[in-house]
Asks: 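Would you mind keeping the following structure in view while I ask a few things?
Numbers for residues simply follow the sequence, beginning at 1.
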Amino acid sequence: MKTNRAVRSPGGLSVRLDVRTLVVVVLLLAAALAASVVLIGTGDFEIPAADVLRTLFGEGSASQEFIVNELRLPRVLVGLLVGASLGLGGALFQAISRNPLGSPDVLGLGQGATAGALTMIVLFSGGATQVTLGALLGGLVTGLGIYLLAWKQGVHGYRLVLVGIGMSAIVTAINGYLLTRADIVDAARAVVWMTGSLDGRDWNQVWPLLALCAVLVPLVLANGRGLRMMEMGDDISYALGVRVERVRMLLLVAAVLLTAAATAAAGPVSFVALTAPQLARRLTRSPGPNLLPSLCMGAALLVTADWVSQRAFGADQLPVGVVTGVLGGVYLLWLLVTERKAGRI
């Protein structure tokens with residue numbers, strides 16, 4: 001059965017459409033939106049899904065309007081945007097490094113953002129805005145350091161992963177030192193942030209992340225063809241007219257910004273960037289970076305994990321990063337067992 005079809009416009013423009021990938025994207029979007037509606041209705045004051053939808057369209061009661069639009073909707077939107085950013089950023093890193101372990105979790109970008117946040121918390125007793133800016137700056141500085149250290153007549157995947165692992169170890173040590181400098185109150189606050197949490201998120205976190213995604217997501221998708229070509233090797237990509245280093249640097253910067261912004265908004269939520277692209281690829285059965293499916297998978301994973309954390313353990317009792325860590329660890333163990341049975345490791 002063919003899953004690729006060519007669609008030709010009246011003007012003569014031809015676009016190849018992967019039907020299976022399109023179906024997967026639609027289903028993942030539907031799953032993410034359905035989980036979001038259920039999550040908005042979850043809490044001490046339960047709201048049925050039908051009432052949530054009516055409230056979102058402006059037909060709820062005054063109390064429902066306040067609970068949905070002011071308290072719960074911003075948290076869910078941050079979860080969707082953070083998950084989408086991590087999923088897309090992870091797909092970019094894995095495609096550029098040509099390594100399924102080449103994710104922000106392994107390369108140290110999350111740890112770098114954590115170092116920036118801890119610096120603000122421990123050394124300057126900064127508020128939410130200062131911590132967010134510190135995390136964003138820490139992620140950007142770490143990404144720049146990895147890029148410069150990995151550069152040698154271009155950036156190649158194997159060297160990028162090795163440098164990232166080394167950088168991750170260094171920044172993790174810095175984070176441990178910063179925690180030893182903190183008093184008990186700041187240390188407790190820092191540990192909660194380091195776990196990854198959506199608790200207390202409001203519209204102040206939604207708008208900057210939404211603006212960044214509105215700029216970066218179309219830019220990344222527009223360069224998806226070049227990224228797909230680069231997976232065949234630099235020489236073939238050059239022969240096909242792809243400006244390899246320009247595309248690679250542009251997408252690396254976009255991946256660092258997406259990861260740093262997501263970490264700044266919700267803390268270093270683990271394993272979403274690592275597992276979302278791989279799960280998306282298994283569903284689409286399509287080679288290449290699978291950028292849009294990875295974005296949708298990341299959003300669906302994070303809001304579902306947040307619902308599990310609230311439904312199973314009560315609101316605000318378990319940070320979402322704990323749930324993603326457990327689910328990601330189980331997935332990796334399953335993947336290792338599967339690969340071993342197949343004789344590939």
Asks: Can you find a pair of side-chain heavy atoms, one from E59 and one from L53, that are under 4.5 Å apart?
Replies: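 No. Closest side-chain heavy atoms not under 4.5 Å.
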
Asks: Is the number of heavy atoms from other residues, nucleotides or ligands under 6.0 Å of I184 CD1 greater than 12?
Replies: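 Incorrect, the count does not exceed 12.
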
Asks: Can you tell me which residue among I40, V82, L80 is in a side-chain contact (heavy atoms from CB on, under 4.5 Å) with V303?
Replies: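 When side-chain contact (heavy atoms from CB on, under 4.5 Å) is applied between V303 and each of I40, V82, L80, only L80 qualifies.
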
Asks: Which pairs with one or both residues in residues 203-219 pass side chain to side chain donor-acceptor pair (under 3.5 Å), sequence neighbours excluded?
Replies: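 As it turns out, there is no side chain to side chain donor-acceptor pair (under 3.5 Å) pair with a partner in residues 203-219 once direct neighbours are skipped.
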
Asks: Taking side chain as C-beta onward, heavy atoms only, is Q310 less than 4.5 Å from L39?
Replies: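 Result yes, sub-4.5 Å side-chain heavy-atom pair found.
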
Asks: Does R285 have any side chain to side chain donor-acceptor pair (under 3.5 Å) partners at least two apart in sequence or in another chain, and if so, which?
Replies: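 Here no residue qualifies.
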
Asks: Does the side chain of S294 come within less than 4.5 Å of P289's, by heavy atoms?
Replies: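 Of all side-chain heavy-atom pairs linking S294 with P289, none is under 4.5 Å.
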
Asks: Check whether any side-chain N or O of R20 sits under 3.5 Å from a backbone N or O of L283 as a donor-acceptor pair, and report yes or no.
Replies: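 The answer is yes, because a donor-acceptor pair under 3.5 Å joins these two groups.
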
Asks: If the condition is side chain to side chain donor-acceptor pair (under 3.5 Å), which residues does N290 pass it with, not counting sequence neighbours?
Replies: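 With sequence neighbours excluded, N290 shows a side chain to side chain donor-acceptor pair (under 3.5 Å) to T284, given in chain and number order.
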
Asks: Are the side chains of L109 and F93 in contact, using a 4.5 Å heavy-atom criterion?
Replies: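 Yes - at least one pair of side-chain heavy atoms lies under 4.5 Å apart.
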
Asks: Measuring only between side-chain heavy atoms, which start at C-beta, is L178 closer than 4.5 Å to I174?
Replies: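 Yes, side chains in contact.
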
Asks: Any non-hydrogen side-chain atom of V171 less than 4.5 Å from a side-chain atom of N175?
Replies: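 They are in contact (side-chain heavy atoms under 4.5 Å apart), so the answer is yes.
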
